[in-house]
Amino acid sequence: MYYVYSFFLLVGGLLIINAVFSYQSKHIDPHFWETAKFQLLMLPLFLIANLSIGYGVRFGFKASSHLTLVLIASKCLEIFISVAMGFLFLKEIPNWKTWVGIGIIIAGVAVAKLK
């Protein structure tokens, strides 16, 4: 059950953070004060996201007893979410190099999982 909690907390937190930064890059003027104002308004969302990610890592560690594996899996989730945010906000379509890179990362996770 801890795996399920960990997965959903990590996905939720990473979605919030990547969505905020994707929205900022697309819709917020890059001048300092506009960006600072936007970031201050997003502080509650960042708090929720950081708590979600922190508890996601904690529950993942409790379930697997391997912190390295949990952190690598969370980075893999973040890469998938980043690709999705690029598609949603910037209409970037992943090319074959993106999929090869993701395949290499998945292979790395499989190797890290081996004993």
Side-chain angles (χ1 to χ4, degrees):
M1 197 65 183
Y2 284 126
Y3 283 116
V4 175
Y5 295 152
S6 176
F7 177 77
F8 283 112
L9 285 168
L10 284 170
V11 167
L14 292 170
L15 268 173
I16 291 171
I17 288 176
N18 282 290
V20 166
F21 285 128
S22 298
Y23 181 85
Q24 177 183 334
S25 68
K26 175 94 177 185
H27 298 291
I28 302 300
D29 191 23
H31 292 97
F32 177 76
W33 292 113
E34 291 295 320
T35 303
K37 178 182 166 188
F38 177 74
Q39 289 293 320
L40 283 173
L41 291 173
M42 294 297 110
L43 279 177
L45 285 178
F46 281 122
L47 176 65
I48 293 167
N50 282 327
L51 285 171
S52 295
I53 293 169
Y55 276 105
V57 169
R58 176 185 287 257
F59 289 145
F61 177 69
K62 193 178 271 191
S64 70
S65 299
H66 296 286
L67 183 61
T68 304
L69 180 65
V70 173
L71 293 175
I72 290 171
S74 71
K75 285 297 173 190
C76 292
L77 279 172
E78 185 173 11
I79 290 171
F80 279 114
I81 290 170
S82 297
V83 170
M85 289 298 143
F87 179 74
L88 290 174
F89 282 95
L90 303 173
K91 304 299 182 224
E92 294 177 354
I93 298 174
N95 59 15
W96 68 272
K97 291 184 256 182
T98 305
W99 298 116
V100 167
I102 290 173
I104 291 170
I105 292 168
I106 291 170
V109 170
V111 169
K113 183 75 173 150
L114 296 175
K115 293 190 179 210

TODO: Hey, could you give me the CE/NZ distance between M85 and K26, rounded to the nearest 0.5 Å?
DONE: 14.0 Å
Open item on the list: Is there a continuous path of hydrophobic side-chain contacts, each under 4.5 Å between heavy atoms, that joins L15 to L45?
Closed with: yes
Open item on the list: Between S22 and A19 (side chain of the first, backbone of the second, donor and acceptor by atom type, cut-off under 3.5 Å), is there such a pair?
Closed with: no
- [ ] State the CG-OG distance between L77 and S82, to the nearest 0.5 angstrom.
- [x] 10.5 Å
Open item on the list: Q39: which residues meet the side chain to side chain contact (heavy atoms under 4.5 Å, CB included) condition with it, sequence neighbours left out?
Closed with: F21, Q24, T35, F46
Task: Hydrophobic cluster membership, F7 vs I17, 4.5 Å side-chain cutoff - done: yes
TODO: Kindly determine whether I105 and I72 satisfy side chain to side chain contact (heavy atoms under 4.5 Å, CB included), including the steps that lead there.
DONE: CA-CA 9 Å; I105 292 168; I72 290 171; 5.6 Å; no
TODO: To the nearest 0.5 Å, tell me how far F89 CZ sits from N18 CG.
DONE: 10.0 Å
- [ ] Taking the side chain as every heavy atom from C-beta outward, state whether L9 and I53 have any atom pair closer than 4.5 Å.
- [x] no
Task: Cluster link L69 to V11, ILVMFWY, side chain under 4.5 Å - done: no
TODO: Would you indicate whether the side-chain heavy atoms of L67 and V57 approach each other to under 4.5 Å?
DONE: yes
Open item on the list: If you define the side chain from C-beta out and look only at heavy atoms, does anything of V83 sit under 4.5 Å from E92?
Closed with: no
Open item on the list: Using the ring pair (Phe, Tyr, Trp, His ring centres under 6.0 Å) criterion, which residues pair with F38? Sequence neighbours excluded.
Closed with: Y23
TODO: Report, as yes or no, whether the 6.0 Å neighbourhood of atom NE2 on H31 holds more than 12 heavy atoms from other residues, nucleotides or ligands.
DONE: no
Open item on the list: Within the structure provided, determine whether F61 and S6 are in side-chain contact (heavy-atom separation under 4.5 Å).
Closed with: no
Open item on the list: Is there a side-chain contact between N95 and T98 in this structure, where contact means two heavy atoms from C-beta onward sitting under 4.5 Å apart?
Closed with: yes
Open item on the list: Do F80 and L71 sit in one hydrophobic cluster, given that two such residues count as connected whenever their side-chain heavy atoms are within less than 4.5 Å of each other, even indirectly?
Closed with: no
Open item on the list: Does the plane of the ring in F59 sit parallel, tilted or perpendicular to the ring in Y5? Use 30° and 60° as the thresholds.
Closed with: tilted
Task: By ring pair (Phe, Tyr, Trp, His ring centres under 6.0 Å) - contacts of F8 (at least two apart) - done: none
Open item on the list: Salt bridge or not between K75 and E78? Use side-chain N to carboxylate O under 4.0 Å.
Closed with: yes
TODO: Would you indicate whether L40, at its atom CG, is surrounded by more than 12 heavy atoms from other residues, nucleotides or ligands within a distance under 6.0 Å?
DONE: yes
- [ ] Enter the distance from S64:OG to Y2:OH here, rounded to the nearest 0.5 Å.
- [x] 12.5 Å
Open item on the list: Please tell me whether I79 and L10 are part of a single hydrophobic cluster in this structure, the criterion being side-chain heavy atoms less than 4.5 Å apart.
Closed with: no
